[in-house]
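Okay, structure first, notes after.
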Amino acid sequence: MDTSLNSAISIVERTLAGELARPEVHTFFDRDTFTATHVVRDPRSDACAVIDSVLDFDYASGRTEEKSAEKLARHIETAALRTEWILETHAHADHLSAAPWLQARLGGKLAIGQHITAVQAVFGKIFNAGTAFARDGSQFDHLFDDGECFQIGSLEGIALHVPGHTPACMAYVIGDTVFTGDTLFMPDYGTARCDFPGGDAATLYRSIKRLLALPEQTRVFVCHDYTAPPRDVYAWETTIGQQRASNIHVHDGIDEPTFVAMREKRDATLSMPKLMLPSVQVNMQAGHLPEPEDNGVRYLKVPLNTL
Ligand SMILES: [Fe+2]
């Protein structure tokens, strides 16, 4: 009996029936990292939440910029919204989070899944982060448990633990909508890789099956899109029904061994994301950049021959 999933289904059904408020979603797409950042707004109040923000980063020069985050912040300020949550679906390996910068500007509680501690343990070791780096998730204001309910104004939300891509991945069901992070991509692109430390294809399959048990009309917003031929425009919204009918990796009828074999074969061909090392290093600390050294400069580490 999956009580967390049943609660999520109930929230979606009550929203579809008009009993609960339906979230308005405004998406910002970052073409450098192919990331979709979602602003989720309660139509009945001024409350909103930000999901998976991006800090611009040029690895070659080591320069960070807040252009994308500034655009997002202006959107929220212009609409006079109150930011209640800054949510991360997981510790991203392909872009730096702008969560601390946005929080300083807009307020709100910064949250991620409670299993971020497992990610911090693994990468704390890889980056030899030392005792100053707490591995207890205390860099975040809140750690979500599976099945934990939350509100954005009058919107009802529930956090679901969906490990597989990483051990800490969360999906957020809000009203009639699920924000899947990297657990599901657009149907024609499929699913995310499972070969990072702590990733596991069979675990991802089971997490996806939970999400696919949501009502078919549930709106799905993904965290990344890379397009997929013949489609040449970026997209980030689909439905559970469309995923079940046509997701190229996990549509109805694909069993676990078939998925795992496909995923592991494909993962073996993928190179590391360009921004893997800076991203994980910063995102395991909730998006905080490393402390400056005695010359006032912040440095990122590159562990050699480790990953
Ligand atoms: Fe990811």
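In listed order, ligands and their atoms are each counted from 1.
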When the ring planes of Trp85 and His142 are compared, do they come out parallel, tilted or perpendicular, using 30° and 60° as the limits? perpendicular
Do any N/O/S atoms of His165 come under 2.8 Å of the Fe ion (ligand 1)? yes
Fit a plane to each ring of Phe185 and Tyr189, take the angle between them on a 0 to 90° scale, and name the class: parallel (under 30°), tilted (30 to 60°) or perpendicular (over 60°). perpendicular
I'd like to know if the Fe ion (ligand 1) has an N/O/S atom from His90 within less than 2.8 Å of it, counting both backbone and side-chain atoms. yes
For the Fe ion (ligand 1), the closest N/O/S atom belonging to Asp182: OD2
Name the residue from Phe29, Tyr172, Phe28, Phe179 that meets the ring pair (Phe, Tyr, Trp, His ring centres under 6.0 Å) definition with Phe221. Phe179
Let me check something: do Tyr205 and Phe196 share a hydrophobic cluster, defined by ILVMFWY side-chain heavy atoms less than 4.5 Å apart, either directly or through other members? no
